[in-house]
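Encoded as structure tokens, the structure appears first; notes follow it.
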Amino acid sequence: MKKQKQTCCALCFPGCHVSEAGVLAKSYIERGMLVPDQVMTRLMLPKLEQLRNHSWLLDGFPRTLAQAQALNNLYQMDLVINLNIPYETLKERLSDRWIHPASGRVYNMGFNPPRVQGKDDVTGEPLIQHDDDKPEALMARLRHYKEVAKPVIDLYK
């Protein structure tokens, strides 16, 4: 029998916001803040332990050297992929992102727009754009990410 492959977006797996770490992470996100390393590792490592006998793919974790070191203390990585995406592409994609807050549904005005502009397809409720997805905040966020991600990329080279 072939092992099932699992994907694990750091903040999107079922039950994520039920745990103490998940609730804490959500509170940082809702305030537009980065989730601290200790919260992310408390959130991610137990989930990865549940997947110990499966193959898995991480997207967005680890983002910092402290997170990478915590991960490496428990697991041997088979493969690490770094996608080098131009800032302009990221800026375009992220600044076009709109979210339905109650469900977490994500729309992109460039390639996945809602049927009615500014309204969720399912409920018709208004969509929001996070302040950190707006172009002026986004460039600062991307510069910060580049600084923080460099040691992680160097670790896995």
Side-chain angles (χ1 to χ4, degrees), residues 5-113 127-157:
K5 290 187 178 178
Q6 300 284 326
T7 60
C8 194
C9 172
L11 299 169
C12 301
F13 55 81
C16 165
H17 298 112
V18 176
S19 71
E20 181 184 337
V23 170
L24 193 54
K26 185 177 180 185
S27 74
Y28 282 98
I29 293 166
E30 287 173 343
R31 291 180 284 160
M33 299 171 66
L34 294 174
V35 179
D37 292 333
Q38 67 273 18
V39 175
M40 283 303 301
T41 54
R42 278 182 40 213
L43 184 64
M44 290 302 299
L45 297 181
K47 179 63 178 176
L48 294 177
E49 183 59 32
Q50 294 172 6
L51 299 172
R52 185 173 280 285
N53 296 321
H54 300 278
S55 297
W56 36 263
L57 171 68
L58 299 174
D59 176 17
F61 180 84
R63 288 194 181 191
T64 67
L65 188 56
Q67 292 173 12
Q69 289 167 335
L71 181 64
N72 287 352
N73 286 338
L74 296 175
Y75 301 100
Q76 169 84 33
M77 299 299 111
D78 294 327
L79 177 67
V80 175
I81 300 170
N82 176 46
L83 301 177
N84 190 4
I85 303 169
Y87 272 1
E88 276 306 309
T89 302
L90 291 172
K91 180 179 168 187
E92 180 181 304
R93 294 245 175 126
L94 293 174
S95 63
D96 282 348
R97 181 168 64 178
W98 289 77
I99 297 168
H100 178 246
S103 68
R105 278 185 287 280
V106 177
Y107 297 89
N108 184 289
M109 297 308 163
F111 61 84
N112 181 35
L127 302 175
I128 65 162
Q129 186 175 45
H130 288 191
D131 287 340
D132 61 347
D133 284 343
K134 293 177 182 172
E136 56 279 359
L138 186 59
M139 290 312 287
R141 192 171 126 206
L142 290 173
R143 280 191 297 277
H144 174 76
Y145 174 76
K146 184 178 181 180
E147 292 168 11
V148 170
K150 184 178 181 340
V152 177
I153 292 166
D154 291 344
L155 177 69
Y156 289 117
K157 278 188 179 176

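Numbering starts at 1 and runs along the sequence shown. These values consider heavy atoms only, across backbone and side chains, with no hydrogens, waters or symmetry-generated copies.
Here the shortest heavy-atom pairing between N112 and V106 reads ND2-O, 3.4 Å. The two residues L71 and W56 have their closest heavy-atom pair at CD1-CH2, 4.5 Å. Among all heavy-atom pairs drawn from V35 and Y28, the shortest one is CG2-CB, 4.1 Å. For the residue pair A137 and D131, the shortest heavy atom distance occurs at CB-O, 3.4 Å. Closest heavy-atom contact between A25 and L43: CB-CD2, 4.2 Å. Of all the heavy atoms in Q129 and L94, the pair that sits closest is NE2-O, 4.3 Å.
For Y87 (side chain) and M139 (main-chain N/O), no donor-acceptor pair under 3.5 Å exists by modelled atom type. Between the side chain of E92 and the main chain of E88, no donor-acceptor pair closer than 3.5 Å is present. Checking side-chain atoms of R93 against main-chain N and O of L90 turns up no donor-acceptor pair under 3.5 Å. Using modelled atom types, one side-chain atom of T41 and one backbone atom of D37 make a donor-acceptor pair closer than 3.5 Å.
Here the OH atom belonging to Y107 is positioned 14.5 Å from the CZ atom belonging to R97, to the nearest 0.5 angstrom. The line from CG of N73 to CG of L45 is 9.0 Å long, rounded to the nearest 0.5 Å. To the nearest 0.5 Å, the span separating CG on L74 from CE on M44 amounts to 12.0 Å. Residue D78 holds its CG atom at 7.5 Å from OG of S55, rounded to the nearest 0.5 Å. Atom-to-atom distance recorded for M109:CE and W98:CH2 is 6.0 Å, nearest 0.5 angstrom. Rounded to the nearest 0.5 angstrom, K47 NZ and L58 CG are separated by 11.5 Å.
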Please list, one pair per line, the donor and acceptor atoms closer than 3.5 Å that link side chains of residues 146-157 to other protein atoms, with sequence neighbours excluded.
unit_1	atom_1	unit_2	atom_2	d
K150	NZ	D154	OD2	2.8
Y156	OH	N72	OD1	2.8

Determine, stepwise, if the pair T64 / M40 fulfils side-chain contact (heavy atoms from CB on, under 4.5 Å).
CA-CA 10 Å; T64 67; M40 283 303 301; over 6 Å; no
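Looking only at side-chain heavy atoms (C-beta outward), L65 and Q69 come within less than 4.5 Å of each other.
Taking the charged nitrogens against the carboxylate oxygens, D133 and R141 do have a contact shorter than 4.0 Å, which makes a salt bridge.
For the 3.5 Å distance criterion, the side chains of E49 and Y75 qualify, holding a donor opposite an acceptor.
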